[in-house]
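Lettering of chains follows the sequences in order, A, B, ..., and the numbering in each one begins at 1.
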Amino acid sequence: MLASRLFFPTHKEDPAEAEAISHKLMIRAGLVRQLAAGLYIYLPLGQRVITKVINIIHEEMNAIGAQELSMPVLQPAEIWQQSGRYGEIGAEMFRLRDRGGRDMVLGMTHEEVVTWLAAREIRSYRDLPQVWYQTQTKLRDEARPKSGVLRTREFIMKDSYSFDADEGALEKNYRLHIQAYNRIFERAGVRFYMVESDPGMMGGATAHEFMAPSSAGEDEVALCPACGYAANVELARAEPARPQFPEPGMKEVATPGARTIEEVSGFLNVTPDLLIKSLLLITERGPVLAMVRGDQEMLESKLARIIGSHRLAEPEEVKEVTGAEAGFMGPLGLDIRKIADQSLEGGVFIVGANRDGFHIIGVAPGQDFQAEFADIRRVRQGEKCPHCNASLKLERCIEIGNIFKLGTKYSGPMGATYLDEQGQERPVIMGSYGIGPARVAAAAIEQLADEKGIVWPLSIAPFAVHLVLVQPADSQQAAMAEKLYLELKSSGVDVLLDERAISPGVKFAEAELMGCPVRVTIGKRAVAGGGVEVALRRGGEEQKFEAGEAAAGIASLLNQA
RNA sequence: CGGGGCGUGGCGCAGCUUGGUAGCGCGCUUGCUUUGGGAGCAAGAGGCCGGCGGUUCAAAUCCGCCCGCCCCGACCA
């Protein structure tokens with residue numbers, strides 16, 4: 001490719017609207033342009049990167065026996081009604097009507113379509129297992145698109161779906177996907193962890209996420225450096241340090257005006273971990289009191305798994321249920337469902353008295369009041385690993401892939417069944433496995449970029465070699481560059497020749513911005529016999545080759561990388 | 001959806017408080033010079049100041065409504 005013909009509009013300055021490093025650099029280096037919130041145009045450079053990521057994914061998917069297919073993005077509402085998600089999902093799904101008045105949706109994902117297909121075409125245990133995958137556009141009307149390409153309303157996703165006769169076979173496909181995903185992300189050159197993730201409404205099913213550490217990420221994971229325990233904080237568990245508890249023995253104390261944890265602990269001169277923080281929540285089945293230690297944070301996603309969907313009570317509702325203002329509520333004397341975090345069990349705490357201006361000290365959960373004890377708090381950095389007691393580390397991550405055991409969630413309601421060896425009709429056991437290629441590319445930028453720009457891993461770089469011709473007007477330089485360019489091209493190297501008649505400074509700066517792994521410079525020094533300069537973008541090491549040996553030297557450099 | 005911020009040539013911004021000529025840097029065009037780190041000089045092109053309405057002799061500037069974009073939060077099956 002010649003730079004004079006390549007469409008790669010660059011910017012010297014950061015775009016005003018970008019926050020994340022990958023977002024800034026993708027715009028500055030001419031990889032993408034934003035059409036509207038959460039909608040991106042992939043320019044030639046960006047498209048080349050995405051294509052390379054997708055090619056890696058496809059190679060590894062094919063290697064585990066998955067078969068590529070393609071499915072409609074425009075889908076009849078009917079199949080979503082069958083699976084039950086038409087009603088469950090809210091504004092996040094694009095809905096429309098066709099000219100005949102039929103309800104349609106734009107697919108956020110393809111479980112319904114693929115299950116519809118399986119329901120029609122899979123009949124016998126002899127047809128199983130199957131693994132089908134697609135790499136296609138998906139649409140979600142995101143409440144808040146953000147961070148450039150990381151969270152968009154339209155995005156490409158590789159999704160595979162497995163169909164098995166039983167749980168054991170599903171487990172096998174699940175493991176195969178784990179292997180494939182590990183290879184994919186290693187090849188793509190990103191750092192990542194596989195962590196336990198929240199299967200959400202999948203019930204008891206298991207799920208994992210592949211997480212690339214980056215401050216631009218939206219998720220946080222808890223990691224144990226000792227035993228390898230790794231989980232999304234949405235479900236991560238840990239042992240908090242236990243404070244020195246006082247003697248039990250309930251006693252009401254006046255705490256005038258002290259409502260918040262800080263105010264009460266300050267007023268009574270105790271540390272916050274000796275208080276219980278109570279929250280009143282309203283569910284479909286009535287009010288629920290949820291309790292965590294004063295120094296801890298409630299985690300809604302964990303609580304939701306126990307009590308279902310809920311909302312915070314309004315001040316009037318608090319007054320009505322507890323008889324006191326929010327700052328003074330507590331578990332004693334309340335005849336409603338109570339959920340207490342596990343770390344409260346066996347301790348002695350200060351709680352609200354359900355009487356304005358008063359708290360009660362010396363309260364022992366489980367004795368002085370009953371509650372369901374469960375893990376409903378957010379783990380914190382430095383708490384003890386639930387498996388090995390080492391100190392947990394928390395890290396922000398970009399979710400680049402996820403894998404789910406779906407079981408019969410879709411095959412059941414949509415009638416995807418097969419006949420087993422005994423002639424028994426059984427639902428197909430499914431799994432689904434996603435990767436977002438744009439997120440992989442963005443994660444690579446986030447993890448590797450330096451102050452000059454992008455630093456691509458060779459495997460997903462738009463070009464392997466960026467050949468800078470310093471003075472195109474000099475015929476000797478031009479001839480030398482052209483020759484090397486053709487040699488590299490004919491040996492299958494992706495090479496970009498910058499033969500534009502512009503200042504060399506611009507060429508070097510843009511080469512660094514663009515981030516191709518190898519930069520080759522041909523200028524007057526090379527012509528004078530000083531050798532062809534070959535610099536690695538990552539680390540910046542430079543070496544020289546004789547003109548005749550340059551192509552071979554570069555090729556062997558690329559092979560090492 | 002709640003809170004906050006911002007919309008002015010292609011990009012980044014100033015001007016708005018205190019109404020009266022639309023400005024800077026980068027980029028772009030042409031010419032000459034330059035040619036190993038985002039060049040120099042000169043001459044140019046390019047803007048219904050997000051939209052609609054109001055106040056006023058007069059609105060980028062004041063007021064109202066709307067739209068768009070970004071950030072924080074909620075949400076993300």
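Of the residues in residues 32-45 of chain A, those lying under 4.0 Å from RNA chain B by heavy-atom distance are A/Gln34, A/Ala36, A/Ala37.
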Without placing hydrogens or testing angles, list every side-chain donor-acceptor pair under 3.5 Å for residues 499-509 of chain A, not counting sequence neighbours.
residue, atom, partner, partner atom, Å
A/Glu499, OE1, A/Ser4, N, 3.1
A/Glu499, OE1, A/Ser4, OG, 3.4
A/Glu499, OE2, A/Ser4, OG, 2.7
A/Arg500, NE, A/Asp498, OD1, 2.9
A/Arg500, NH1, A/Glu510, OE1, 3.3
A/Arg500, NH2, A/Asp498, OD2, 2.9
A/Arg500, NH2, A/Glu510, OE1, 2.7
A/Ser503, OG, A/Gly505, N, 3.2
A/Lys507, NZ, A/Leu469, O, 2.6
A/Lys507, NZ, A/Asp498, O, 3.3
A/Lys507, NZ, A/Arg500, O, 2.6

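Using a 4.0 Å heavy-atom distance criterion, A/Arg28 is classed as a base contact. Counting any heavy atom pair closer than 4.0 Å across all strands shown, A/Thr109 reaches no nucleic acid atom.
Taking every side-chain heavy atom of A/Lys524 into account, B/G36 is the closest of B/A77, B/G36, B/C69. Minimum atom distance to the side chain of A/Leu513 is reached by B/G38, of the listed B/G37, B/A77, B/G38. The A/Met108 side chain lies nearest to B/A77 when the options are B/G12, B/A77, B/G38. Nearest nucleotide to the A/Thr10 side chain, out of B/G38, B/G37, B/A77: B/G38.
Rounded to whole Å, the P atom of B/G15 lies 26 Å from the corresponding atom of B/C72. As rounded to the nearest Å, B/A60 and B/A14 have C1' atoms that lie 12 Å from one another. Straight-line distance between the C1' atoms of B/C66 and B/G23: roughly 29 Å, to the nearest whole Å. Here the separation of B/U8 from B/U61, taken at their P atoms, is 14 Å to the nearest Å.
The interatomic distance linking A/Glu542 (CD) with B/G36 (C1') rounds to 11 Å, in whole Å. One atom, CZ of A/Arg378, and another, P of B/G73, lie 11 Å apart when rounded to the nearest Å. Look at OH on A/Tyr410: it is 7 Å from C1' on B/A77, rounded to the nearest Å. For the pair A/Met298 CE and B/G73 C1', the computed distance is 17 Å after rounding to whole Å. Going from atom CD of A/Glu300 over to atom C1' of B/A77 covers 17 Å, rounded to whole Å. When the P atom of B/A74 is taken as reference, atom CD of A/Glu234 falls 11 Å away, rounded to whole Å. The CD1 atom of A/Ile502 sits 12 Å away from the C1' atom of B/A39 (whole-angstrom rounding).
In this structure B/C24 sits in a base pair with B/G12, meeting the Watson-Crick or G-U test at under 3.5 Å. Judged by Watson-Crick or G-U wobble contacts below 3.5 Å, the nucleotide B/C41 has B/G31 as its partner.
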What string of B, S and - do you get for nucleotides 22-31 of chain B, 5' to 3', when a contact is any protein heavy atom under 4.0 Å?
---BSS----
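Of the possible donor and acceptor atoms, none in the side chain of A/Gln471 sits under 3.5 Å from a partner among the backbone N and O of A/Gln477.
When the side chain to side chain contact (heavy atoms under 4.5 Å, CB included) test is applied to A/Glu482, the partners found at least two apart in sequence or on another chain are A/Leu486. Residues meeting the side-chain hydrogen bond (donor to acceptor under 3.5 Å, both in side chains) test with A/Thr521, sequence neighbours left out: none.
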What does the list of N/O pairs under 3.5 Å between the protein and nucleotides 1-10 of chain B look like, with a distance for each?
none

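Remark: of the listed residues A/Ile27, A/Ile41, A/Leu43, A/Ile27 is the sole one forming a side-chain contact (heavy atoms from CB on, under 4.5 Å) with A/Val32. Screening A/Arg140, A/Met93, A/Met157 for a side-chain contact (heavy atoms from CB on, under 4.5 Å) involving A/Thr109 leaves a single residue, A/Arg140.
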Salt bridge (Lys or Arg N to Asp or Glu O under 4.0 Å) between A/Arg525 and A/Glu533, intermediate numbers included:
CA-CA 9 Å; A/Arg525 293 178 205 159; A/Glu533 290 155 62; 3.7 Å; yes
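Ring-plane geometry between A/His177 and A/Tyr433 is classed as parallel, the angle between the planes falling under 30 degrees on a 0 to 90 degree scale with a further cut at 60.
The shortest heavy-atom contact between A/Leu235 and A/Asp198 is CD2-N, 3.7 Å.
Side-chain to base pairing of A/Gln471 with B/G36: no donor and acceptor N or O lie closer than 3.5 Å to each other.
A cation-pi contact, defined as under 6.0 Å to the ring centre and within 45° of the axis, links A/Arg95 to A/Tyr86.
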